[in-house]
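Here the structure comes first, spelled out in structure tokens, and everything after it is commentary.
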Amino acid sequence: MSLSYQQTLFLFLITICCTTNFVQCDLESHHYEDGEKLHFYQNKIGKLENPQQTYEYSRLPFCQRKHEDFNLPKESLGSSFQGNKLFYSGMKARFKKDTKYSVLCKQTLTQDDVEKFTTAVQENFWFEMYFDSLPIWGMIGKVDKENEQVSLFTHKSFTILFNDDRVIEVNLVNEGLVSIIPNEELVFTYSINWVETDKTFSERFEKYLNNDFFHHKIHWFSLVNSFVMVLIIVVIVFIILSNILKKDYAKFTQDMYDYENIFENGFDTEFIDETGWKQLSGEIHRIPSQLTFLASLFGIGIQNLVIIILFIIINLIGQFYQHRGSSANIIIGVFIVSSPVSGYISSAYYAYNRATEWKKTLAITILFQPVTYFIIIFFLNLVSTFNKTTSMVPFKAMVILVLLWLFLCVPLTVVGNFFGRNWNIFDTSKLRIISKTNPKPIPTKRWYLQSWFLQLCGGFLPFLSILIELYFLMTSFWNFKFHYLFGFIFLVLVILVIVISSVSVVIIYIFLNSGDYKWQWMAFLSSASTSLYVWLYSFFYFFTRTAMSGFFQTSFYFGYMTVFCIFFGLICGSIGLISSRIFIIQIYKNLKID
């Protein structure tokens, strides 16, 4: 299957346009005239300890206001995946005009209303609103610890900071605590006070950034510690392996010299000792088992690495975390744009091993990651639907995502597959490797040289190198914090690549010296096991660092962590495979094999 240059360019331009639309959604001018009408929007309510257990604002029996004749802000695809859906709150403001006291509505509580409000307050329910694209959070009510009296906040006092013709900051103070009693009339009110500030528009999001948390000394210390660990690992690997390999080459050269003398004199050559990795020179380039699957996972892992790099670069260029659903939008966009990478790498590696059934590789590359994630998300969607939460992915958003995958990701992956089969970057012309017909038997190995043990060892050091940053990432995701230090993430990613590469080289050297030549899966799985430690750490984090409870939140927590670990494991495995391949090419190309 081949595509013309015009067709390829057309697909690329469509992808760029769609990606740009994702990233730029929800951007407004944010310029207002004096007295211009502005609106507060309700978004959702939820349990404080369970970040994903959110519901529509109308779930609680607040008095509902009729929609006025104006357009609600449209949500992007990524925003809808995060459960955002704005509704008119009934509260409105005039730019720079104070509102002293305004009645939102009056409501008489029924017994059912009292039960719902009481349960929500006792379970620490919070609400989220938006004003000029700025999030506002507050609690529904309060429980008096002395007499266990449950009260509801009935007054919202807003202080809005402005600079020239722009809104800079919105602060909310909940007031008017009223006991929740059946058949009592509640009056919900609000007031607005406008205050001029010297803060610039570019600083409007700083109040949401937890600088004390992210700039903690431990964060900086962990980064320095990781760099020191990388330096030590690289130096140790270089010194040890360089000395060992020099001795190996010298011994091999001497053995070859002795072999030539013995051969010329007609003596028996059986006692010539060719041990360690050198004896595998004729086996090392054998086609690995399950090549189709390995090539596909390799290609997907490299694509995931590209996704992470592009995601970091985009967030370093622009502060997109300020906009609802921006992270999800960017991930969807870069996933589409990077689709040719997985197709190219998987087909190129498959063709490098002189295999011909490339269609199976293409099918697995296209389907493995989307189908795996779809199964997990579909289960979570069922759980969310049963609990009637906003975490449920809307059907329209699912259809759009499937269409984007079908009409953009799949064709672009096919294009990458075509180029991978015809223009291969994996060149074997410089490899002087003998391929024997009958494979050499693999000797019995001690327990510490068994594949399972080496695979577990391979992921431990890479996990330690990212442990502290992993804690900050998980805390930002599961505890309502905005992670904005993408420079930190990039540096940790560089550290991770170096550590995985160094450790995989050592693991493969030990593996080959044990007499086992099936190194490809060992290289991939020993590095991918880093995600296993991340997954196990997620259990520790869940039980010791969070107060999450209930089947719903537990399902979402471990469902999302499983998706992340699969995504992350493919990246680590691919880094280990390519590093080990480079190492093997370098050591075997220097052997003089006749």
Side-chain angles (χ1 to χ4, degrees), residues 44-56 59 75-85 123 293 296-297 300-301 303-304 307 325 327-329 331-332 335-336 342 363-406 409-410 470 473-474 476-480 528-529 531-543 545-571 573:
K44 53 191 174 184
I45 58 175
K47 190 175 180 180
L48 186 63
E49 292 79 10
N50 295 344
Q52 272 65 48
Q53 191 175 346
T54 57
Y55 306 91
E56 288 187 0
R59 172 82 173 233
E75 297 301 321
S76 64
L77 182 61
S79 183
S80 62
F81 269 90
Q82 293 179 345
N84 294 315
K85 189 175 181 180
E123 293 184 353
F293 198 54
S296 299
L297 296 183
I300 295 170
Q303 180 193 2
N304 291 351
I307 289 174
S327 295
N329 289 328
I331 289 176
I332 293 171
F335 183 88
I336 295 172
S342 60
I364 296 175
T365 304
I366 291 174
L367 296 173
F368 177 80
Q369 202 159 224
V371 171
T372 302
Y373 298 159
F374 178 81
I375 292 173
I376 297 174
I377 293 174
F378 181 75
F379 168 74
L380 297 179
N381 227 34
L382 289 178
V383 175
S384 183
T385 303
F386 180 78
N387 288 273
K388 298 179 181 180
T389 69
T390 60
S391 299
M392 178 187 65
V393 179
F395 178 75
K396 181 180 178 181
M398 291 289 289
V399 171
I400 293 174
L401 195 63
V402 170
L403 292 176
L404 287 172
W405 172 75
L406 188 62
C409 293
V410 173
L470 179 65
L473 282 172
M474 293 179 66
S476 66
F477 186 82
W478 298 110
N479 288 280
F480 307 102
S529 66
S531 64
L532 173 63
Y533 290 101
V534 173
W535 192 69
L536 293 175
Y537 174 77
S538 70
F539 283 84
F540 170 80
Y541 186 89
F542 180 83
F543 290 108
R545 295 292 184 269
T546 73
M548 299 179 191
S549 60
F551 176 76
F552 175 87
Q553 185 59 46
T554 302
S555 299
F556 266 77
Y557 176 85
F558 288 107
Y560 282 156
M561 288 307 302
T562 300
V563 168
F564 172 76
C565 289
I566 294 173
F567 183 90
F568 182 67
L570 292 172
I571 294 176

Measuring only between side-chain heavy atoms, which start at C-beta, is [X] closer than 4.5 Å to [Y]?
X	Y	value
Q53	M548	no
F556	N50	no
N387	F551	no
Q369	F335	yes
L401	V393	no

Discussion item. I'd like to know if the side chain of Y557 and the backbone of W478 have a donor-acceptor N/O pair within less than 3.5 Å.
Written reply: no
Worksheet item: Would you say Q553's side chain and Q52's backbone share a donor-acceptor pair under 3.5 angstrom?
Response: yes
Holding to side-chain contact (heavy atoms from CB on, under 4.5 Å), I want the full list of residues that pass it with [X], two or more places apart in sequence or in another chain.
X	answer
V402	none
L367	V371, W405
M392	N381, S384, T385
S342	Q303, T365, T413

Worksheet item: For atom CZ of F539, is the number of surrounding heavy atoms from other residues, nucleotides or ligands below 6.0 Å larger than 12?
Response: yes
Item to complete: Let me see the working for I300 and F368 under side chain to side chain contact (heavy atoms under 4.5 Å, CB included), right down to the final yes or no.
Response: CA-CA 9 Å; I300 295 170; F368 177 80; 3.9 Å; yes
Practice prompt. Quick one: sort the F477 and Y560 rings into parallel, tilted or perpendicular, breaks at 30° and 60°.
Written response: perpendicular
Worksheet item: Using the ring of each side chain (for Trp, its six-membered ring), is F568 parallel, tilted or perpendicular to F564, with breaks at 30° and 60°?
Response: parallel
Discussion item. Quick one, M474 with S538, criterion side chain to side chain contact (heavy atoms under 4.5 Å, CB included). Give me CA distance, side-chain angles, the key distance, then yes/no.
Written reply: CA-CA 9 Å; M474 293 179 66; S538 70; 4.2 Å; yes
Worksheet item: Residues in side-chain hydrogen bond (donor to acceptor under 3.5 Å, both in side chains) with K44, at least two apart?
Response: N84
Practice prompt. Go through the structure and list residues passing side-chain hydrogen bond (donor to acceptor under 3.5 Å, both in side chains) with T54, not counting sequence neighbours.
Written response: T390
Item to complete: Take M398 and F374, measure what side chain to side chain contact (heavy atoms under 4.5 Å, CB included) needs, and give me the verdict at the end.
Response: CA-CA 10 Å; M398 291 289 289; F374 178 81; 3.4 Å; yes
Worksheet item: So, F542 versus F558, ring centres under 6.0 angstrom or not?
Response: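 Between F542 and F558, the centre distance is under 6.0 Å.
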